[in-house]
Structure formats: structure tokens, C-alpha cells
Amino acid sequence: MRRVAAAALLCAGAAFADGTADEADLQFRLGTMDFQRGNYEAALEHFFVSNRVAPNRNVLYNIGSAFEHLKRYADAHRYYIDALEGETDPAALNADRAALARVTPKVAVLEVKTDPPGATIYLDRKSLGSVGRAPRPLALAPGKYSVIAELDGYEPAQAAEVEAVLGRTTPVALSLTRIVGVVRVAVAGALNAKVLVDDERAKPSCTAPCDLHLAPGQHQLFFLADGFRAAPRVVTVAPRGTATATALFAPLTGSILVEADEPGALVKIDGQPAGFTPAVIQNVPVGS
């Protein structure tokens, strides 16, 4: 058990003012002594405390080793995987991989991946507790399982009746659908408008009148229509709910100074009387 001895030295080498390293090292040494006596369950108790006080990949490896000696191969596989994750020491990597090579043929593995990654994984039902976060290999006894994945902001996904086969790795891919609400965007004062979400420099998300599917929470909507302007609107989107927003447009306007050789001449804009010369015609819509 060279890995056990090396881990003990690693634990002993750290020292923190709050004493957690000392406690972790003591628990590890007690676990090591029980391990060497063949009292693996007692060793596990100490290793678990040591890792809880000061998480350490070496301790995870030794938890896996204790489970392997107890012939609890699925548990051993799980802790060997945890010990391997993020490991950079070549000797430790070799030990982790060798341990996995020993126990993998004795278990059935479900290789669970989710889109997006990071979902919490459950087997059969949530009340049994989670078994990790995707992507992750799950070592199990052979049999059929229901794999459940949950991630904040997404609908749960489930793969029912997945068969785990001894000595084989079975891929399980779950795609999670984002939880959204609907914003129905209407337009007043213009025929239509481009709608931008949360950033007035973003690409338009739709052309109103339209329905937007947005993540729950507050969003700011910006509106664009040639020759018109509208103030932004803030909407609150509820999960699976429907909200409404109306873009209230007013024409962009300018002024025209009109002078003529003869005073009092009638001024028409687009065929409509607008005043008499000389005149400053206000609130004329932009354009030709």
C-alpha cells in the first residue's frame, strides 16, 4: 500500500492555523493503521472523516482501496474515478489507472453525459440521493436502471430502463430542455419592429408582432423601426408563463424652415397644408 503511505506523508506535511490539517492527518493515520490490520470498515470511517475535514485525492484513492478489499467494487470504482479527476502526479495517475483496470471488469458502467453538462444525476428515483454530476461514469451492479438528470433552469430529463451489463460501459446521453416563458410582443404606432433582448447592440431576436421564448427573470426589450422610436420595456418572465409587452412608437420628427419670395404663401407637406411663408414647420416626420 505505497499510496497509503504517501498520502499519510502528504497529510502530515500541511499545517493550518485552524487545525483542520492536524485533524485530517490524525484521522488518516488511524485509518491507515486499521487498513494495515485488515479492518477495512473501521479504516473507511477514519478516511471519510479525514476527507471531509480536508479533501484529498490520496484519501479518495484509499477509500476506493478499502472498498475494493471489501469486494464492494462499484463503490471502489466511484472513488477511484474521483481520485483520478484533476490528478497531475504521474505516480498517482498510474496507481489510479491500475486500480480502475482491476475493478472495471467486475462492475457494469453507465457513462452518463448531459447536454448541457453539469446536471445532477439520480438513479431510479430522487429520494435515493444523487450519484454525481455529468459527465460521469457510474459503476453499478448489473441490471436495469432509470437515469434522471436535473439542472437549474432546465426541465428534468430521464432515460428509463437503461441496462447496465457486467464488464461493459454503456453510454447514456440526456438532453435537457431549457425552462422558458413566453413574451408576446405587440406594436403600436408602427407596422412592425425588430426586437432586441437585454442589449441594444445585440442581433434582433424577432420582428414584432412576435412571441419571444426567454429564460425566467427580468429582461429589457429594445425596439427598432425605421423612422420611429420607442422606449425600452422591462418584462418579468415566469417559468412556463406568458407575459406581454407593447412597443409604443412615435415618429421621429424634425423641423423645416420655409422661405419664399412672397410672404403668406401656403405651405403644403405631402399635400397637406402646414402653414404660410415664412414659417418653421415643426414635428415633420423624418424622411423625404
Do [X] and [Y] come within less than 4.5 Å of each other through their side chains, counting heavy atoms only?
{"X": "Leu44", "Y": "Phe67", "value": "yes"}
{"X": "Val49", "Y": "Phe28", "value": "no"}
{"X": "Leu123", "Y": "Ile148", "value": "no"}
{"X": "Leu138", "Y": "Val109", "value": "no"}
{"X": "Leu70", "Y": "Glu41", "value": "yes"}
{"X": "Lys203", "Y": "Leu196", "value": "no"}
{"X": "Leu151", "Y": "Pro116", "value": "yes"}

Gap between atom [atom2] of [Y] and atom [atom1] of [X] - 0.5 Å precision:
{"X": "Thr114", "Y": "Arg133", "atom1": "OG1", "atom2": "CZ", "result": "10.0 Å"}
{"X": "Ser205", "Y": "Asp211", "atom1": "OG", "atom2": "CG", "result": "13.0 Å"}
{"X": "Glu68", "Y": "His77", "atom1": "CD", "atom2": "NE2", "result": "11.0 Å"}
{"X": "Asp115", "Y": "Ser175", "atom1": "CG", "atom2": "OG", "result": "5.0 Å"}

Under 6.0 Å between ring centres, would you say that holds for His46 and Phe35?
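They do not qualify: ring centres at least 6.0 Å apart.
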
Give a yes or no on whether the ring-centroid distance for Tyr61 and Tyr79 is below 6.0 angstrom.
no

State whether Asp82 and Arg78 are salt-bridged, where the test is any N-O pair (Lys NZ or Arg NE/NH1/NH2 against Asp/Glu carboxylate O) under 4.0 Å.
no

Six-ring centre of Tyr154, Arg178 cation under 6.0 angstrom, axis tolerance 45°:
yes

Quick one: do Leu30 and Val53 end up in the same hydrophobic cluster if we chain Ile, Leu, Val, Met, Phe, Trp and Tyr together by side-chain heavy atoms under 4.5 Å apart?
no

What residues form a ring-ring contact (aromatic ring centres under 6.0 Å, His included) with Tyr73, not counting sequence neighbours?
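Testing Tyr73 for ring-ring contact (aromatic ring centres under 6.0 Å, His included), a comparison that skips the adjacent residues, returns none.
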
Could you list who else is in [X]'s hydrophobic cluster, with ILVMFWY side chains joined at under 4.5 Å, directly or through other members?
{"X": "Val165", "result": "none"}
{"X": "Phe249", "result": "Val183, Val185, Val187, Val195, Val197, Leu212, Leu214, Leu221, Phe223, Phe228, Val235, Val237"}
{"X": "Ile281", "result": "Ile256, Val258, Val267, Ile269, Val284"}

Among Leu166, Leu110, Val131, find the residue that satisfies the side-chain contact (heavy atoms from CB on, under 4.5 Å) test when tested with Leu140.
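Per the side-chain contact (heavy atoms from CB on, under 4.5 Å) rule, the option paired with Leu140 is Leu110, out of Leu166, Leu110, Val131.
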
Between Arg184 and Thr244, is there a side-chain donor-acceptor contact under 3.5 Å, judged purely by atom types and distance?
no

Which pairs with one or both residues in residues 139-164 pass salt bridge (Lys or Arg N to Asp or Glu O under 4.0 Å), sequence neighbours excluded?
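Residue pairs passing salt bridge (Lys or Arg N to Asp or Glu O under 4.0 Å), neighbours aside: Lys126-Glu150, Glu155-Arg240.
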
Residues that Asp34 engages under salt bridge (charged side-chain N to carboxylate O under 4.0 Å, His left out), provided they are two or more places apart
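Partners of Asp34 by the salt bridge (charged side-chain N to carboxylate O under 4.0 Å, His left out) criterion, ordered by chain and then number, come out as Arg37.
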
